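A quick note: this is a predicted structure, and the numbers were derived from the prediction, not measured.
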Amino acid sequence: MIQDDKLQAFKDQRYAGWDQPFGRAVLPGDFSLDSLAQHALDNELNPQAVSGRQEMLEGVVNRFIYP
């Protein structure tokens, strides 16, 4: 499973925002919760929930564990 890394594309897609300039600035902890909230208000951000596809990914892992 590690050699094939079937999960890498899913991980890359799920965490793509952290590789953008704002995400890279947030990761080191340079922002307070208040400043992040203000950023969301100033930019009228309205994030929508996105499925993590946990059950599907568990199936991928299970196929390696229980062939």
Connected via hydrophobic side-chain network under 4.5 Å: Tyr15 and Val60: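 No, Tyr15 and Val60 fall in different hydrophobic clusters.
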Single-linkage hydrophobic cluster Leu33~Val26, side-chain heavy atoms < 4.5 angstrom: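 Shared cluster, no.
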Nonpolar side-chain network containing Leu41, other nodes, edges under 4.5 Å: none
For Leu45, the rest of its hydrophobic cluster, which grows through side-chain links under 4.5 angstrom: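 Direct or chained contacts put Leu45 with none.
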Residues which pass side chain to side chain contact (heavy atoms under 4.5 Å, CB included) with Leu27, listed by chain and number, not counting sequence neighbours: Trp18
By side chain to side chain contact (heavy atoms under 4.5 Å, CB included) - contacts of Asp5 (at least two apart):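 Leu7, Gln8, Lys11.
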Output all residues satisfying salt bridge (charged side-chain N to carboxylate O under 4.0 Å, His left out) with [X], sequence neighbours left out; order by chain, then residue number.
{"X": "Asp42", "result": "none"}
{"X": "Lys6", "result": "none"}
{"X": "Arg24", "result": "Asp19"}
{"X": "Asp34", "result": "none"}

Residue pairs involving residues 57-67 (criterion side chain to side chain donor-acceptor pair (under 3.5 Å); sequence neighbours excluded):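 Residue pairs passing side chain to side chain donor-acceptor pair (under 3.5 Å), neighbours aside: Gln54-Glu58.
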All ring-ring contact (aromatic ring centres under 6.0 Å, His included) counterparts of Phe22, not counting sequence neighbours: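 Listed in chain order: Phe31, His39.
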Distance-only donor-acceptor pairs under 3.5 Å for side chains of residues 46-53, two or more places apart:
residue, atom, partner, partner atom, Å
Asn46, OD1, Gln48, NE2, 3.4
Gln48, NE2, Asn46, O, 3.1
Ser51, OG, Arg53, N, 3.0
Arg53, NH2, Gln13, OE1, 3.0

